[in-house]
Amino acid sequence: MFFTTIASILAIAVLGLNLQWGNTGLFNGGVVAFFGAGAYGTLLLGGTPQADHIGGFDLFYPLALIGGAAAAGILAWVVGRLTLHLRHDYLAIATFGVAVTFENVMRNAQGLSGGAKGLRGFTRPLEAWVNDGFIYNVLFLTVVVVLLICTYWFLERLICSPYGRQLRAIREDETAARSLGKNPGAIRLTAFITGSCILGLAGGLYATFYAFVSPQDVLPTLTFQLWAMLIVGGAGNNRGAIFGTFLIWGAWTASGWSLARFAPVEVQLYTGTMQFILIGLVIVGMLMWRPQGLLPERLVVSQSGTKKLN
Amino acid sequence: MTQLGAITAGVLLSMSTLVTGAFAQNCSIKIGAVLPTSVDWGRPIAEVAQYAVDLANEAGGVSGCDVNMILRDSQVDPKVGVDAAKALIDLDGVQLLLGAVSSGVSMPILTSVAVPSDVMMMSCCSSSTAFTALAQEGKSKGLFYRTFATSGVQAAVGAMVARDKGYGSVAILYKNDDWGQDISKLIAADFESLGISVTSSVALNDAQPSYRAEVTQALKGKPEALYLALYPTEGAAAVREWISLGGTQNMILANSLKSDEFRDNVGLQYLGDTTGTDTASPRSDSASAFIDLYKARFESEPNGPGLSNSFDATMVALLAMHAAGKDASGSQIASQIKNVTDPNGTPVSANASGFAKATGILSSGGTVMYQGATGNVRFDKFGDVSAPAVTWVFTDSGTQEASYITLEEVDKFMALVK
Amino acid sequence: MIQSLTDGILVGAIVSLGAIGLTMVMHMLRFANFSHAELLSIGAYSALVFDALFAGILPSLANNIGPLSMTWALILSMLCAMGVTGLSAVLINEFVFKRIREKGSELSMVFASFGVAMIIRNVLGLIFGLKSQLYSNDIVFAVMVSSEPQLLIKPDQVFVLLAALLIMLVLHFVLSRTTFGYALRAVAENPSLAEVTGIRLSRIIALVWIISGLLAAAAGVFYGLNNHINPVIGRDLVLPIFAATIVGGIGSVFGAVLGGFIVGIAANMALLVLPSGYSPAVPFLIILVLLLVRPHGLFGEAET
């Protein structure tokens, strides 16, 4: 059940990434920075006061969560304004750099974020009220799944809307779109910010679940994992994104579990290294076999062209 | 021999095997371990934990059953660690979890998995003061123990060494994680209150290709000595740079650098004026017993971050498990820890015969005092361990103790610097 | 400050060698190859194996050359390692990247390169163990070139700088004066047109991979000489190398060289202003600043 909760939270994040890459064509290499902004933001706003760093405003939980998403959005605005005009690979590295910087700041600015010790002191919402651990986890899972469904529904509507058409237009042929009077820069920025807010929301939920966040949670490994989920599942397809998340996270955890269970005792020490090799092989294999992802992007036809011209 | 005689002999023989019970367990108890086996310093920690389990099984196991340690890699990633812990608890039904190493992984495991499921956690190496705070708030429900002495003691001993050697100025190089940040702050404060000036305190990040710039930074101010709170990989890299740039060879090392890899990559010829600190292996049979055992098994001395701590963590936890009886829950096991580390109990040593002796005493309701690789393990009410200290120096084959500092002396010194 | 500057130049030489290979591959094959830095690891480890071999066969080869910790055995090993690495690079392209390029998009290749990097790194870890190793355990002392301001330089570092510059010069010569070099540049500009003139595309691509492997092996050995060898040196160097490539502009060899030095200098001088905890972020801050001013890197071109 933990697995489903974490997979659902990560699925929300991958949906946000899908908006940025699958729909808009923005190669965001620093996914973890926005996720982390949401995580840290939510804990700082909603946590109890701690001796050695700021925060602890003990805000009402939904506000704290929204605050975290907003923090991610603000970060996205700043980063977007600085970098979205760059070409593909440069954008990837620049955003990656933002993520590395974010992790560094969280690790070193002890007055802001608790430094390498991480942030504690957060009581999960309603936890005292619902006394049973198991029931609480079920409730939490329900809330996360509901949010996942809402995000999915929101993004599906977005794709079919005029805004979605604009996104596809600037992704496919920017010059043509510009000639029609659209402003690609502004459209991309809004897509980037929206996607980042969704990433921040996922980050906030993640931090809430553990009631703890530390720089270990915002390392580039997570960026890599989220991207793998999107690529394998199918970029450009929201259902693919969710499917890919469950698949990759499942493979990641199952490989650890099965290696521990089935490998002979002599090699138990090496199972960690072997797991990474397996994961690398799965990704390369997937890409060689079906690079568009398991559920490729569906071409959205907004209007059927059956009207005959007279 | 008559047929009756043969049968009788056979029956007596098999009965005697049952009595000694040495290798004929036919039940097994599972324990979980979540350790970073895919990292270079993590693998030996897991190895030594498994070794402790093997010794316990050799001695008759826990409650008459073989112990089966299920090892999972945490990848130093909180999500992976929590998931592994959850799988171990839900799918394998373990009541005891060894791990994790990194505080950033141990903390989420504790709060989201161990406490809600009433499973005991015994960490060899998580050093963050946040765990003490958590215990003080009652949130860990007495389920978290660690055999790693908190950084306050380590820092104090380091400062003592500097004072005793008469260094007037020291530079600090520390690993930029929760342990390093903590210990560097503590020792800087200790130095200041002793009147030793800290010329610079420089953080070394993981996974950097070169530490030259950091070392150059630390060289400014030409300190008389260097304090290092690093792991062997970056420690060796930094010290090689330091020495080649003409830095002083007066060095004080935290216990993480008590490592053959460090000694070999730096070279014994440059480590003549280097002193390390550690929690004490008392001058007793038990400590040398551990070293001998380890050498026999792994053909090298137990040098490396967390090794002796990991061994003791496993042994103490298994003894507590035995004392709590079969099918004990995590909190029941945790409540037996005090009976395993009772200062008035019978001393037992950290090997198979010591384990067997201890299980015998515990089964009949007595208490033992476990004397292990890190000394007379003694936990306080928050699950933290306090121990006397040693200073050590490098030798051809490993390390050797230079001086032994009792707990009282450490406490006195810490009171002095406050 | 001058110490930081000098250190930066010396460190930068290694990054430059790595960046040249990367920029050539990125420009020719149009994808960001995150497994490039693992070629450095392969080079370093191959040289380690060959070094032990040569030193075993002919012990006199294992003597240090002058004040350096470089030995003749190591130089020979480096040449052999270059061969091994070049070959590995071509094989990886043949079995992985070429197949993915036929079927997938540019992003698939980037991702596949992550996967390949993970595999290489962990296989090296399984074979050689996770601990750090060294070519030679001696610590070579730096020479105090001047004492006020303090300037210390290790002979090894000067050697690495000179060797790197020599290699870059040879490459420049090959690219600008030989037919092969012209063919390479032609293919980089416009592959179809180059094919029309009779240049065999697949051969040129293989040669590019080999060259990048050669350079990476040299960089790996130099890194191992000055620092240490372990399975994660690829992971540690990939970002500075990428930073150098981006700063210089993808496709420009000269840019990659300059970028390497810029990254090295900035990383070392950053500690004069920032606390050392932030040093991993420095190459990126440079990239961000540079890209604001010159969105295609110093000598790069707009995406074709």
Side-chain angles (χ1 to χ4, degrees), chain A residues 1-3 5-7 9-10 50-52 103-104 107-108 110 114-124 127 132-134 136-137 206-207 209-217 219-222 225 249 252-257 259-261 263 265 268-276, chain B residues 32-33 35-39 42-44 46-47 50 69-88 90-92 102-105 107-113 115-118 128-130 133-134 137 139 175-182 185 203 205-206:
Chain A
M1 191 184 45
F2 261 48
F3 168 80
T5 313
I6 294 292
I9 293 177
L10 294 177
Q50 295 287 304
D52 50 351
E103 190 264 345
N104 269 180
R107 184 175 285 268
N108 292 294
Q110 298 180 24
K117 298 202 302 302
L119 279 183
R120 289 185 47 239
F122 183 80
T123 35
R124 301 200 277 183
E127 189 163 24
D132 187 308
F134 181 73
Y136 184 80
N137 282 331
Y206 174 88
F209 186 61
Y210 291 125
F212 175 75
V213 74
S214 75
Q216 292 299 118
D217 291 302
L219 292 174
T221 327
L222 181 58
Q225 287 168 325
W249 186 237
W252 206 286
T253 51
S255 59
W257 178 84
L259 276 173
R261 173 153 284 212
V265 177
Q268 280 295 327
L269 281 171
Y270 300 97
T271 51
T273 312
M274 294 194 309
Q275 189 182 355
F276 275 116
Chain B
L35 299 167
T37 57
S38 51
V39 183
R43 198 175 281 174
E47 257 182 333
Q50 179 63 54
M69 179 178 100
I70 308 180
L71 176 65
R72 290 292 304 267
D73 181 19
S74 70
Q75 299 180 350
V76 204
D77 182 343
K79 304 191 293 302
V80 174
V82 168
D83 188 271
K86 198 76 173 83
L88 286 168
D90 286 349
L91 300 177
D92 291 304
S102 185
S103 304
V105 178
M107 181 62 92
I109 294 180
L110 179 64
T111 53
S112 45
V113 177
V115 167
S117 309
D118 194 42
S128 168
T129 46
L134 200 70
E137 291 161 18
K139 298 214 178 113
K175 188 177 167 84
N176 202 10
D177 68 357
D178 54 302
W179 166 76
Q181 283 183 355
D182 212 17
K185 266 196 300 213
N205 291 288
D206 249 351

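Below, chain A is the first sequence line, B the second, and so on; all start at residue 1.
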Query raised in the report: Do Q216(A) and M107(B) have side chains that get closer than 4.5 Å, going by heavy atoms?
Result: no
Query raised in the report: For F276(A), does the CZ atom sit with more than 12 other heavy atoms under 6.0 Å from it, leaving out its own atoms?
Result: yes
Requested in this report: Quick one: which of K139(B), E137(B), R72(B) has the most heavy-atom pairs under 4.5 Å with chain A, could you say?
Outcome: R72(B)
Query raised in the report: Could you give the distance from OH (Y210(A)) to CD1 (I109(B)), rounded to the nearest 0.5 Å?
Result: 9.0 Å
Requested in this report: Hey, could you give me the NZ/OG1 distance between K79(B) and T253(A), rounded to the nearest 0.5 Å?
Outcome: 11.5 Å
Query raised in the report: Checking F212(A) against chain B: side chain, backbone, both or neither under 4.5 Å from a heavy atom?
Result: side chain
Requested in this report: Decide yes or no for R107(A) and D206(B): does some side-chain heavy atom of the first lie under 4.5 Å from some side-chain heavy atom of the second?
Outcome: no
Report task. Sort L134(B) into side chain, backbone, both or neither according to what part of it lies under 4.5 angstrom from a heavy atom of chain A. Result -> both
Report summary line: Answer key: most heavy-atom pairs under 4.5 Å with chain A among V39(B), T111(B), V80(B), I70(B) is V80(B)
Requested in this report: Under 4.5 Å heavy-atom distance to chain A, tell me which part of E47(B) shows up: side chain, backbone, both or neither.
Outcome: both
Query raised in the report: What part of A87(B) lies closer than 4.5 angstrom to a heavy atom of chain A: side chain, backbone, both or neither?
Result: side chain
Query raised in the report: Backbone N or O of A116(A) within a donor-acceptor pair of the Q181(B) side chain at under 3.5 Å?
Result: yes
Query - Between G104(B), S74(B), P78(B), the one whose heavy-atom pairs under 4.5 Å with chain A are most numerous - result: P78(B)
Query raised in the report: Got K86(B) and F3(A) here, is their nearest side-chain heavy-atom distance under 4.5 Å?
Result: no
Query - Choice from N205(B), D182(B), D92(B), V115(B) maximising heavy atom contacts with chain A below 4.5 Å - result: D92(B)
Requested in this report: Identify which part of Y206(A) has an atom lying under 4.5 Å from any heavy atom of chain B, answering side chain, backbone, both or neither.
Outcome: side chain
Query raised in the report: Where do W252(A) and D83(B) land on the side-chain contact (heavy atoms from CB on, under 4.5 Å) test, with the steps shown first?
Result: CA-CA 10 Å; W252(A) 206 286; D83(B) 188 271; over 6 Å; no
Query raised in the report: Relative to chain A, which segment of D178(B) carries a heavy atom at a distance below 4.5 Å: side chain, backbone, both, or neither?
Result: both
